[in-house]
Amino acid sequence: MKIVVLAGGLSSERDVSILSGSKVAAALRSKGHQVVLIDVYMGYEGDDFDADRLFAQNYDFAGDAVIETEAPDIEAIRKSRKNQSAGYFGDHVLELCQAADITFLGLHGGEGEDGTVQAALQMHGIKYTGSDHLGSAIAMHKGVTKGVFLNSNVPTPMSRLYKREFMGEGYLDSWCKFPCVVKPCSAGSSVGVQIVGDPEQFVAAVGAAFRYDDDVLVEEYIKGREFSVGILGGKALPVIEIIPRDGWYDYENKYQEGATEEVCPADLDEDIAKKMQAEAEHAFETLRLKVYGRVDFLLGDHNRLYCLEANTLPGMTPLSLLPQEAAAAGIEYADLCEKIIELSLLK
């Protein structure tokens, strides 16, 4: 099978995406597929473009991909592009995707996860992995997700949505419960997220979050254990517990080896684990998601569950949660990549 793996892009999760895409491409090649790994934004910048040749060569742009401790400088990425057009897709990206049997989306955050890329591929008749443009758009915006959860009785922390366009004197005074969590609505990997303890910190954190997004979600802080539940083909995988060795599960703790302990299957009462898996499947269906994803939870006092959000294109790095959960279910990494493709071709 000819497969394009799209990675990179212009989101704060660019580095994570490149490492995910590299691992997926290598796994699919080990299964005998012809795989082109291409940066969706940079594209193929050479003057000798030939799709058949690139597939035959198993073209790979990434080299030794690594994740730095801080999110990448997106403006520097823009300036380094040979083709300085305003378009999102780099040179020859769509041509390669049209020449493939399917495109594996190794993208995280931004246009790659908010439904924009999915809609563009669909309009070009290109098959791709994961959820469609509508489910992706709903799940990417944390404020919209909250509304869907509340209307569908998915348990979730109390929250309020703040919009940049309404900012004015006294606008932030409506929030008075501390500590709380401040999140940009459409950023991933905990980029721009802060836990704050008083009104002064709160104002500064909201201002910082507005650097990433025009909408900011503020949630009550729930002290408890953190879990995630992968979904594959609509069914929940074993629950994984996330235990940072220091602080909370921020960008650095997510992607630096040894910073976080992950336990799968999680050490949970069987009834609680089953309830969490059922809520994950419910949330996945409620958000109109397809094929695969991951749903994040907190377990608070008295074993009360709180659903935080869903991730439509979960990380596929060596430290990522979904591959660990699949392994606990007896699904090896390369088989997981092929299963995602198999399910995506059926949608």
Side-chain angles (χ1 to χ4, degrees), residues 1-9 11 13-44 51 54-67 89-90 93 96-97 99-113 117-118 121 126-131 136 188-189 228 230-233 237 254-255 257 289-294 311-329 331-347:
M1 191 180 294
K2 290 183 177 179
I3 302 167
V4 167
V5 177
L6 289 187
S11 85
E13 298 175 84
R14 174 181 170 84
D15 289 351
V16 185
S17 169
I18 292 173
L19 186 54
S20 282
S22 296
K23 297 302 178 183
V24 168
L28 292 173
R29 288 175 188 135
S30 75
K31 289 288 193 176
H33 301 288
Q34 290 185 319
V35 183
V36 168
L37 174 64
I38 193 81
D39 186 328
V40 66
Y41 183 70
M42 295 296 185
Y44 183 79
L54 293 179
F55 279 111
Q57 292 177 347
N58 282 307
Y59 175 79
D60 191 321
F61 82 94
D64 295 326
V66 295
I67 300 176
F89 289 100
V93 168
L96 279 167
C97 293
D101 296 298
I102 192 167
T103 295
F104 195 112
L105 297 183
L107 301 167
H108 302 315
E111 293 89 348
E113 206 163 353
V117 166
Q118 288 81 355
L121 295 180
I126 295 167
K127 297 181 185 297
Y128 58 89
T129 55
S131 294
S136 298
S189 290
S228 193
I231 303 289
L232 184 63
L237 294 169
K254 284 184 176 181
Y255 301 118
E257 190 168 0
L289 304 184
K290 297 179 180 178
V291 182
Y292 77 120
R294 205 190 69 230
N311 189 322
T312 59
L313 292 178
M316 296 289 282
T317 74
L319 300 178
S320 295
L321 304 178
L322 184 75
Q324 292 188 57
E325 295 178 72
I331 305 171
E332 296 296 327
Y333 181 82
D335 294 330
L336 171 63
C337 295
E338 280 199 319
K339 184 67 174 177
I340 289 170
I341 288 173
E342 176 189 326
L343 292 169
S344 297
L345 287 170
L346 296 175
K347 66 179 183 182

Enter the distance from [X]:[atom1] to [Y]:[atom2] here, rounded to the nearest 0.5 Å.
{"X": "Leu28", "Y": "Tyr333", "atom1": "CG", "atom2": "OH", "answer": "8.0 Å"}
{"X": "Leu96", "Y": "Phe55", "atom1": "CG", "atom2": "CZ", "answer": "5.5 Å"}
{"X": "Leu232", "Y": "Glu325", "atom1": "CG", "atom2": "CD", "answer": "10.5 Å"}
{"X": "Ile340", "Y": "Leu345", "atom1": "CD1", "atom2": "CG", "answer": "12.0 Å"}
{"X": "Ile231", "Y": "Asn311", "atom1": "CD1", "atom2": "CG", "answer": "12.0 Å"}
{"X": "Asn58", "Y": "Leu37", "atom1": "CG", "atom2": "CG", "answer": "10.5 Å"}

Closest non-hydrogen atom pair between [X] and [Y], with its separation:
{"X": "Leu322", "Y": "Gly230", "answer": "CD1-CA, 3.6 Å"}
{"X": "Thr129", "Y": "Ser344", "answer": "CA-OG, 3.2 Å"}
{"X": "Gly106", "Y": "Ser20", "answer": "O-CB, 4.3 Å"}
{"X": "Ser11", "Y": "Gly109", "answer": "CB-C, 3.6 Å"}
{"X": "Glu113", "Y": "Leu107", "answer": "OE1-O, 4.5 Å"}
{"X": "Asp39", "Y": "Gly8", "answer": "OD1-CA, 4.0 Å"}

Run Lys31 and Cys337 through side chain to side chain contact (heavy atoms under 4.5 Å, CB included) and show every step you take.
CA-CA 10 Å; Lys31 289 288 193 176; Cys337 295; over 6 Å; no
Contact check, side chains of [X] and [Y], non-hydrogen atoms, under 4.5 Å:
{"X": "Ile341", "Y": "Phe104", "value": "yes"}
{"X": "Gln118", "Y": "Tyr128", "value": "yes"}
{"X": "Leu19", "Y": "Asp15", "value": "no"}
{"X": "Val117", "Y": "Phe89", "value": "yes"}
{"X": "Asp101", "Y": "Ile3", "value": "no"}
{"X": "Thr317", "Y": "Val16", "value": "yes"}
{"X": "Lys347", "Y": "Lys127", "value": "no"}
{"X": "Cys97", "Y": "Leu6", "value": "yes"}

Taking side-chain hydrogen bond (donor to acceptor under 3.5 Å, both in side chains) as the test, write out the residues that go with Lys290, two or more places apart.
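Testing Lys290 for side-chain hydrogen bond (donor to acceptor under 3.5 Å, both in side chains), a comparison that skips the adjacent residues, returns Asp132.
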With sequence neighbours left out, write down each residue that passes side-chain hydrogen bond (donor to acceptor under 3.5 Å, both in side chains) with Glu332, or none if nothing qualifies.
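For Glu332 there are no side-chain hydrogen bond (donor to acceptor under 3.5 Å, both in side chains) partners, ignoring immediate neighbours.
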Tell me whether Lys2 at atom NZ has more than 12 heavy atoms from other residues, nucleotides or ligands lying less than 6.0 Å away.
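Check passes, neighbour count above 12.
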Go through the steps to decide whether Val93 and Tyr41 satisfy the test side chain to side chain contact (heavy atoms under 4.5 Å, CB included), and finish with yes or no.
CA-CA 8 Å; Val93 168; Tyr41 183 70; over 6 Å; no
Applying the side-chain contact (heavy atoms from CB on, under 4.5 Å) criterion to Arg294, which one of Thr312, Leu237, Leu321 satisfies it?
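One option only clears the test, and that one is Leu321.
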Sidechain-backbone polar pair: Ser320 side chain, Gly315 backbone, donor-acceptor under 3.5 Å
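Yes; judged by distance alone, with no hydrogens or angles, the pair exists.
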Below 30° counts as parallel, above 60° as perpendicular, anything between as tilted: where do the rings of Tyr59 and Tyr44 land?
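Perpendicular.
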